Amino acid sequence: MNIYLLIDQLIAYAIDQELLAPADEVWARNQLLDLLKLSDYSPSGFKGATPEFPCEILSKICDWAAKQKLFEPDTVTQRDLFDTKLMGVFARKPSEVENEFFELWAQNPKKATDKFYHDARALDYIRTARVAKNKHWKARTPYGALDITINMSKPEKDPKDIAAALKAAPASYPSCLLCKENEGYAGRTNHPARQNLRLIGLDLLQDGKPWFLQYSPYVYYNEHCIFLSDTHEPMKLTKKSFERLLAFVEVFPHYFIGSNADLPIVGGSILTHDHFQGGRYVFAMEKAPIEKTFKLAKFPRVKAGIVKWPMSVIRLQGSKKDLAEAADYILKKWRVYSDPKADILAKTAGTPHNTVTPIARRRGKAFELDIVLRNNRTTDEFPLGIFHPHEEVHHIKKENIGLIEVMGLAVLPARLAKELADLEPLLIKKDIKAIQKDPALAKHAPWAQEMLAKYTFTKTSTQEILQKEVGKVFARVLEYAGVYKRTPDGQAAFERFLKKL
């Protein structure tokens, strides 16, 4: 393996992607030589085309580096730490990135985010090769075409890395994966390297508390971004949250942005650091129509309605100021609202249960805010949550329903890829006993029996049928997460709350 050829290819790639100026080529080469523990260099004469992304070049360099014992053990985690260090050579100083971003934003906000997103992918901060492994399709439902994704992009931890992490000295810096201190951090066995991460600071409320824009390293949709607080503080929805969401879509009108709920079960995976998620994608929820309008007496200029969606969504349209005040009013009313007939209790034993999942966007020049009502109460019958996926759908989705799922994108566990593939031949053979006997497939047996009663499975139809049926299950998942069911009783209960507004 010619390591000098790989170095030349990586530098040529960086120049082609405008990560590196040609005048900086010698400097960058010497940085790479140092990281690779090389004191000599022989030009390879490489003049060929470069790839769209650096993944293959980096993989080959890591193969070489592993043989040279530049990192041990040879695991995905150690390779990630090493190749991120290499790409950090091509990441410009944060101040330079910010200056360019704001210069481009002054011309057009899309230009600014286009370049920022391009660089995040080109630097391999966004792991494009892994994201490409995800399986995704759209499934038609009564609520529109839902997005279904089987998450194959996050690698499983190698036992060697787990053992090494246990032996490592405890560290608390950065405090979490969303802290701004991750920018440029070298990483360790139990914390990813971030030399190729850059952040854009934005003091949208001009209150001296900037938040920072970055992209997710494992994007679930186009330009999947994260907007994170300057300080490591827990998620807490307040009027300022709504003001910040709306200010964001004023500055970036081509993006939506939303917040996970701020309570366990109905919140996201990270509740310890206040943050939002956004991006440049139109979800089924955004396309869902208003099925009933109502008036907010205190906010006559705000248009309000109930969205045709499996979860309980109030959609507001109006000015930034009016929407922030109306959303705060609804949240405060909801925080203390109880309706035992609908299984909604605001508190039990002093523990709060009511919160919301808000999503902001623009409709042309207008501002729009969706307020999704949430409740995280548990019972003996539903220990994971009353308004959480119930046991009958756990074979497809058991995890929490966060912001991304709320909007209509199922993020399903990697196990499903193999399980669905293994189900196909057994469904074709109508071999329900084999499904029941298989430890991994037995949980799907009741579902399989339902499908066998409806469909004739063939080699050409089975995958399409399974994808359609997974979409239907996900729609049921969202219905379970809705506090007001789409039944006469459920809608009557929804009306009872609206009257309190």
Side-chain angles (χ1 to χ4, degrees), residues 175-178 211 226-229 231-245 257-278 285 309-314 324 327-340 342-360 369-390 394 397-411 477-485 490 493-494 497 500-501:
S175 297
C176 78
L177 292 171
L178 295 181
W211 279 41
I226 301 170
F227 195 45
L228 52 95
S229 172
T231 54
H232 182 69
E233 56 191 9
M235 298 280 291
K236 182 64 177 175
L237 288 169
T238 65
K239 184 181 178 183
K240 275 201 169 184
S241 306
F242 302 125
E243 290 173 342
R244 190 170 276 112
L245 289 168
I257 193 156
S259 173
N260 268 304
D262 55 0
L263 293 177
I265 298 177
V266 295
S269 57
I270 300 179
L271 291 175
T272 55
H273 194 119
D274 206 359
H275 69 285
F276 304 151
Q277 293 183 75
M285 182 178 172
W309 194 243
M311 298 183 70
S312 308
V313 186
I314 295 172
D328 184 52
Y329 173 75
I330 292 170
L331 174 60
K332 286 176 178 175
K333 287 285 187 180
W334 178 246
R335 292 270 197 206
V336 298
Y337 181 77
S338 292
D339 185 350
D343 282 327
I344 296 167
L345 298 180
K347 289 184 178 181
T348 55
T351 301
H353 297 304
N354 288 352
T355 184
V356 301
T357 300
I359 302 107
L369 195 60
D370 283 351
I371 306 295
V372 189
L373 305 178
R374 312 298 302 274
N375 177 286
N376 77 342
R377 190 163 70 91
T378 62
T379 63
D380 290 341
E381 184 181 3
F382 301 112
L384 297 180
I386 300 171
F387 306 106
H388 179 86
H390 288 187
H394 285 181
K397 177 74 174 176
K398 185 179 181 179
E399 298 77 17
N400 292 355
I401 303 305
L403 170 68
I404 293 173
E405 287 87 2
V406 164
M407 295 185 293
L409 191 159
V411 180
V477 163
L478 295 180
E479 287 171 345
Y480 281 132
V483 294
Y484 294 118
K485 307 309 176 191
F494 205 163
F497 173 65
K500 297 292 183 180
L501 301 178

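For clarity, every value in this text was computed on a predicted model and none was experimentally measured.
- A pairwise comparison of heavy atoms in Val477 and Lys397 identifies CG2-CB, 4.0 Å as the closest pair.
- Here CD1 of Ile404 is found 7.5 Å from CG of Asn260. Values are rounded to the nearest 0.5 Å.
- At least one side-chain heavy atom of Val356 sits under 4.5 Å from a side-chain heavy atom of Leu373.
- Nearest approach of Tyr329 to Lys500, heavy atoms of both residues: OH-O, 3.8 Å.
- Among all heavy-atom pairs drawn from Leu245 and Ser259, the shortest one is CD2-N, 4.4 Å.
- From Ile330, atom CD1 reaches atom CD1 of Ile371 across 6.0 Å, with rounding to the nearest 0.5 Å.
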Check against ring-ring contact (aromatic ring centres under 6.0 Å, His included), Tyr480 and His388: CA-CA 6 Å; Tyr480 281 132; His388 179 86; 9.7 Å; no
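- Counting heavy atoms from C-beta outward, Ile257 and Gln277 have side chains that stay 4.5 Å or more apart.
- Close placement of the Phe497 and Tyr337 rings is indicated, their centers lying within 6.0 Å of each other.
- Atom CG of residue Leu403 and atom CG of residue Leu409 lie 10.5 Å apart, to the nearest 0.5 angstrom.
- Across all their heavy atoms, Tyr484 and Ser312 have their closest contact at N-OG, 2.9 Å.
- Using a 4.0 Å cut-off between a side-chain N of Lys or Arg and a carboxylate O of Asp or Glu, Arg335 and Asp328 do not qualify as a salt bridge.
- Closest heavy-atom contact between His394 and Leu384: CE1-CD1, 3.5 Å.
- Proximity of a side-chain donor or acceptor of Thr231 to a complementary backbone N or O of Glu233 within less than 3.5 Å is not detected.
- A side chain to side chain contact (heavy atoms under 4.5 Å, CB included) with Phe387 is found for one member of Ile344, Ile401, Ile265, Val266 and no other, namely Ile344.
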One pair to check against side chain to side chain contact (heavy atoms under 4.5 Å, CB included): Met407 and Asp370. What are the steps and the verdict? CA-CA 10 Å; Met407 295 185 293; Asp370 283 351; over 6 Å; no
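- Put simply, the side chain of Trp334 gets close to the backbone of Thr355: a donor and an acceptor are under 3.5 Å apart.
- At a threshold of 4.5 Å between non-hydrogen side-chain atoms, the residues Asp274 and Leu228 do not count as touching.
- Looking only at atom types and distance, the side chain of Asn375 has no donor-acceptor partner in the side chain of His353 under 3.5 Å away.
- Without hydrogens or angle criteria, Arg374 side chain to Asn354 main chain gives no donor-acceptor distance under 3.5 Å.
- Ring-centre distance between Phe227 and His275: not below the 6.0 Å cut-off.
- The structure places CG of Asp380 at 8.0 Å from OG1 of Thr378, a figure rounded to the nearest 0.5 Å.
- Once rounded to the nearest 0.5 Å, the distance linking OG1 of Thr357 with CD of Glu405 reads 10.5 Å.
- Under the 3.5 Å distance criterion, the side-chain polar atoms of Trp309 are matched with a main-chain donor or acceptor of Val406.
- Between Leu331 and Leu237 there is a side-chain heavy-atom pair separated by less than 4.5 Å.
- Contact check for Pro358 versus Val372: no side-chain heavy atoms found under the 4.5 Å cut-off.
- Counting heavy atoms from C-beta outward, Pro264 and Leu271 have side chains that approach closer than 4.5 Å.
- The nearest pair of heavy atoms linking Pro389 to Glu399 is CG-O, 3.9 Å.
- Atom CE of Met285 is separated from atom CD1 of Ile359 by 4.0 Å, given to the nearest 0.5 angstrom.
- Judged purely by distance below 3.5 Å, without hydrogens or angles, the side chains of Glu381 and Thr379 never pair a donor atom with an acceptor atom.
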